[in-house]
S.K.: 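The structure follows.
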Amino acid sequence: MKILAFETSCDDTAVALVENGHNILANITASQTEIHQKYGGVVPEIAARNHINIIIQLIDEAIKKSNYHLKDIDAFAATAFHGLSGSLLIGMMTAKTLSYIYSKPFIGINHIEAHIYANFIENKNLPIPHICLTVSGGHTILVVFKGHNNYQVIGQTVDDAAGEAFDKLSQYLQLGYPGGPIIDKLAKNGNPEKYKLPRPMIKKNNFLFSFSGLKTATLNLIKNLKHNNENYKIEDIAASFQKAVVDTLVTKTIKAAKKYNIKTITLSGGVAANSMLREEFQTECIKNNINFFYPQIKYCTDNAVMVGTLAYYKLKNGYTSKLDTNVIANTLL
Ligand code: KG4
Ligand code: ZN
């Protein structure tokens with residue numbers, strides 16, 4: 001079962017050819033980061049136009065790399081739900097058109113669900129049930145994965161997503177876009193205990209998250225330091241901010257695993273690439289006798305392999321999408 005998969009929900013144009021859900025025959029991502037960097041964030045119209053410019057070239061590259069032909073592909077899949085509408089439309093229409101021409105199934109994919117499946121790419125035997133924390137630029141969501149196509153959303157953010165908070169802090173400090181990797185790198189040379197920043201909702205007896213207040217508290221801290229002419233290291237601010245985000249995410253996820261009596265935690269989404277988050281999860285999971293899995297960094301951030309892997313499981317379970325499927329910009333699972 002060879003699936004040609006597309007992911008164009010935001011500013012990366014990604015095409016992958018995945019065989020039987022796990023064998024990666026091609027995986028190509030064209031990043032638009034440089035284009036959007038000068039605006040301090042993704043400009044939707046520009047993102048969509050750049051997907052159009054490059055997507056056919058990426059299909060050619062993927063197909064050549066695999067030594068197959070488009071007529072050999074068994075199904076076409078694309079992210080259709082959750083993301084920038086204009087961007088989603090490009091990948092989805094490309095997949096639908098190929099599906100129509102070659103009379104093969106089309107599978108419309110939910111972006112959050114695809115991130116969750118990034119953990120299955122290299123691990124066919126991922127334990128089920130597990131708790132998956134998906135943290136990216138657009139979402140912070142805690143899910144009990146009970147089986148394929150059987151999830152329970154137990155928590156999410158009430159305001160900013162975790163990655164959004166990283167990006168906004170970086171934008172304020174004029175450090176660049178995307179902010180997560182930049183702050184992660186700076187934090188390595190900073191003291192995470194230097195400034196005591198809030199851990200929003202950490203003590204609440206639910207699995208909701210909130211990062212807007214933490215972002216504001218960090219911006220106020222910087223303003224006060226500047227106002228009082230105090231010397232400060234940007235690395236200490238980055239480390240203290242990152243530690244507050246990480247503590248909150250880890251504490252709540254471990255609490256969820258205990259409450260639901262689940263012995264496996266998985267991590268996904270762009271923020272799952274964060275070094276401190278991975279380390280702290282690892283340490284806490286060992287302490288609490290919980291298995292911990294996370295994808296390689298290239299499968300944490302947006303990629304088309306996770307779309308191909310999820311599409312394989314969907315197809316195996318008899319699920320396909322109609323050719324009149326439309327994109328949905330904002331949806332959960
Ligand atoms: O999953 P993703 O590529 O796209 C969305 O679906 O949003 O995630 C992008 C987000 C951005 O907010 C970026 O700053 C964040 O992931 N990110 C990180 C790191 N690498 C990417 N955040 C913290 N630490 C990182 N190393
Ligand atoms: Zn994503």
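When a ligand or atom number is given, it counts from 1 through the structure's own listing order. Keep in mind that this is a model prediction, so the values were computed, not measured. Counting begins at 1 with the first residue of the sequence.
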S.K.: Let me check your reading of the structure: within less than 2.8 Å of the Zn ion (ligand 2), is there an N/O/S atom from H139?
M.R.: no
S.K.: Is I262 close to I290 at the side-chain level, that is, under 4.5 Å between some pair of heavy atoms?
M.R.: no
S.K.: Taking the N/O/S atoms of D302 one by one, which is nearest to the Zn ion (ligand 2)?
M.R.: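 Nearest to the Zn ion (ligand 2) within D302's N, O and S set: OD1.
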S.K.: Compute the minimum heavy-atom distance from H115 to ligand 1 and say whether it is under 4.0 Å.
M.R.: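 A heavy atom of H115 does come that close to ligand 1.
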S.K.: Below a 4.0 angstrom heavy-atom separation, can you tell me which part of T301, side chain or backbone, both or neither, approaches ligand 1?
M.R.: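 Answer for T301: both.
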S.K.: Can you tell if the side chain of H130 reaches within under 4.5 Å of the side chain of F292, non-hydrogen atoms only?
M.R.: no
S.K.: From the options A272, G163, G137, select the one whose nearest heavy atom is closest to atom 10 (C) of ligand 1.
M.R.: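 Nearest heavy atom to atom 10 (C) of ligand 1 lies in G137.
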S.K.: Any salt bridge between K185 and E235, counting N to O under 4.0 Å?
M.R.: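 Looking at E235 together with K185, the answer is no, because their closest N to O distance does not fall below 4.0 Å.
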S.K.: Report yes or no: does a heavy atom of G138 sit under 4.0 Å from some atom of ligand 1?
M.R.: yes
S.K.: State plainly whether the residues E284 and K287 are in salt-bridge range, i.e. N to O under 4.0 Å.
M.R.: yes
S.K.: Does some non-hydrogen atom of Q242 fall short of 4.0 Å from ligand 1?
M.R.: no
S.K.: Does this structure show an ion pair linking K168 with E164, if we count only N-O contacts that are shorter than 4.0 Å?
M.R.: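 Counted as a salt bridge, because a side-chain N and a carboxylate O are separated by less than 4.0 Å.
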S.K.: If hydrogens are left out, which of T29, V42, D167 has an atom nearest to atom 13 (C) of ligand 1, that is, the closest non-hydrogen atom?
M.R.: D167
S.K.: Could K215 and D160 be called an ion pair, given the rule that one side-chain N must be under 4.0 Å from one carboxylate O?
M.R.: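 A salt bridge is present here (some side-chain N lies under 4.0 Å from a carboxylate O).
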S.K.: I need the nearest protein heavy-atom contact for atom 2 (P) of ligand 1: residue, atom name and distance, please.
M.R.: D302 OD1, 3.3 Å
S.K.: Hey, what do you get for CD1 (I234) to CD1 (I183), rounding to the nearest 0.5 Å?
M.R.: 8.5 Å
S.K.: Any N/O/S atom, backbone or side chain, of C10 lying under 2.8 Å from the Zn ion (ligand 2)?
M.R.: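 It does not: C10 brings no N, O or S atom closer than 2.8 Å to the Zn ion (ligand 2).
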S.K.: Quick check: of its N, O or S atoms, which one does H115 have closest to the Zn ion (ligand 2)?
M.R.: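 Atom name of the closest N, O or S in H115: NE2.
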